[in-house]
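Values below: every heavy atom of this structure, side chains too, minus hydrogens, waters and symmetry copies. Start at 1 with the first residue, then count along the sequence.
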Amino acid sequence: MRIAKGAGETLAPGAASAPRTVRVPVVLFFGTSLTAGLGLDPEQAFPALIEKKAAAEGLPIKVVNAGLSGETTAGAARRIDWVLRTPVDMVVIEGGANDALRGLSPSAARANLERVIAVVRQKQPAAKIVLIQMEAPPNLGPVYARSFRTIYSDIAKKEGIPLVPFLLDGVAGIPRLNQPDGLHPNLAGERIVADNLWRALKPILDSLSH
């Protein structure tokens, strides 16, 4: 039996007469419109789909979707402190897509993402941090794309955090899986995103319960 969603807890088996609760991990998805699920209903965004997958597989989590449309990594670095007012067990960071669309400096994006991680560690040192790989659009050229791509592996190695595969792997550039803007997944694409990300996050989430 699940109790009030905001509590982040479930009743333990057989606890009807003796209410003993088991805490459900709170997972914060912090990102851009890709995380927010622009153009989709909130329950169709990949964080909500992942919450459903986790429950179905007996690994319940409470998801907080902190996606913000149009945000660059500079905006993320300014916003993260406010977002962390509520305790969380894991922070999944999706950032950089808008930097790449605008051709902003990869080195600045790197510094901003490192700032986000530093604030998480300062405000909530017990929280697990996960970084999502992002890619630059091909029209910006191979040099920019390469510089942008390496941001994520470099940060993950430096900070000692998990790096999960490209968010839009198997979805980006495929018209039937994207909305008319060609940038944001439609529901079919969002389900693929959720499947891919769940496979990467499941073992990390499992470790939170041990």
Side-chain angles (χ1 to χ4, degrees), residues 1-67 83-84 86-95 97 117 120 124 126-134 152 156 159-172 174 176-179 184-210:
M1 174 183 175
R2 189 161 183 170
I3 63 174
K5 190 171 183 179
E9 297 178 338
T10 57
L11 287 176
S17 57
R20 180 173 63 87
T21 58
V22 177
R23 191 172 181 282
V24 174
V26 178
V27 181
L28 172 70
F29 286 87
F30 181 71
T32 67
S33 56
L34 293 170
T35 293
L38 183 69
L40 301 172
D41 292 335
E43 65 271 15
Q44 296 174 335
F46 73 77
L49 297 179
I50 287 174
E51 184 177 56
K52 292 174 185 174
K53 287 178 179 294
E57 296 193 25
L59 193 63
I61 59 174
K62 173 177 167 42
V63 158
V64 177
N65 187 332
V83 170
L84 290 172
T86 301
V88 299
D89 298 282
M90 178 184 289
V91 180
V92 182
I93 301 169
E94 172 266 307
I117 293 167
V120 174
Q124 301 204 30
K128 185 81 172 177
I129 303 171
V130 178
L131 184 62
I132 300 177
Q133 175 73 48
M134 298 303 294
Y152 299 88
E159 301 290 344
I161 61 176
L163 176 66
V164 299
F166 176 40
L167 182 71
L168 301 177
D169 188 30
V171 176
I174 303 174
R176 64 182 175 82
L177 297 177
N178 287 277
Q179 297 177 46
H184 297 90
N186 57 26
L187 181 54
E190 198 77 347
R191 286 174 174 151
I192 294 173
V193 171
D195 286 344
N196 292 341
L197 193 51
W198 172 240
R199 279 195 295 271
L201 291 178
K202 183 180 178 181
I204 305 171
L205 286 166
D206 192 50
S207 70
L208 293 178
S209 62
H210 294 87

With sequence neighbours excluded, what pairs up with Asp89 under the side-chain hydrogen bond (donor to acceptor under 3.5 Å, both in side chains) test?
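Listed in chain order: Arg23.
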Working for side-chain contact (heavy atoms from CB on, under 4.5 Å), residues Ile61 and Leu205:
CA-CA 9 Å; Ile61 59 174; Leu205 286 166; 4.1 Å; yes
Can you list every side-chain hydrogen bond (donor to acceptor under 3.5 Å, both in side chains) pair that touches residues 194-204, not counting sequence neighbours?
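Residue pairs passing side-chain hydrogen bond (donor to acceptor under 3.5 Å, both in side chains), neighbours aside: Lys53-Asp195, Glu57-Trp198, Glu57-Lys202, Asn196-Arg199.
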Would you name the heavy atoms of [X] and [Y] that are closest together and state the gap between them?
X      : Y      : answer
Pro185 : Gln179 : O-NE2, 2.9 Å
Ile161 : Ile129 : CB-O, 3.6 Å
Asn65  : Pro47  : ND2-CG, 3.6 Å
Val24  : Lys62  : CG1-N, 3.5 Å
Ala156 : Leu163 : CB-CB, 3.7 Å
Met134 : Gly95  : CG-O, 3.6 Å

Holding to ring-ring contact (aromatic ring centres under 6.0 Å, His included), I want the full list of residues that pass it with Phe30, two or more places apart in sequence or in another chain.
none
Can you check whether Tyr152's main-chain N or O pairs, donor with acceptor, with Gln133's side chain at less than 3.5 Å?
no
Between Leu84 and Val91, does the side-chain contact (heavy atoms from CB on, under 4.5 Å) criterion hold? Intermediate values first, please.
CA-CA 9 Å; Leu84 290 172; Val91 180; 4.3 Å; yes
Anything under 3.5 Å between a donor and an acceptor, one on a side chain of residues 34-44, the other on a protein residue two or more places apart or in another chain? List them.
residue: Thr35; atom: OG1; partner: Glu94; partner atom: OE1; Å: 2.6
residue: Gln44; atom: OE1; partner: Asp41; partner atom: N; Å: 3.1

If you round to the nearest 0.5 Å, how far is CG of Leu28 from CD1 of Ile93?
9.0 Å
As an exercise, state the distance from CD of Glu159 to CD1 of Ile117, rounded to the nearest 0.5 Å.
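Taking CD in Glu159 and CD1 in Ile117, the distance rounds to 5.0 Å.
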Results of side-chain contact (heavy atoms from CB on, under 4.5 Å) for [X] - residues two or more places apart only:
X      : value
Ile174 : Arg176, Leu177
Pro165 : Ala200
Leu49  : Glu190, Arg191, Ala194

Among Ile132, Ile204, Leu131, which residue meets the side chain to side chain contact (heavy atoms under 4.5 Å, CB included) test with Val92?
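When side chain to side chain contact (heavy atoms under 4.5 Å, CB included) is applied between Val92 and each of Ile132, Ile204, Leu131, only Ile132 qualifies.
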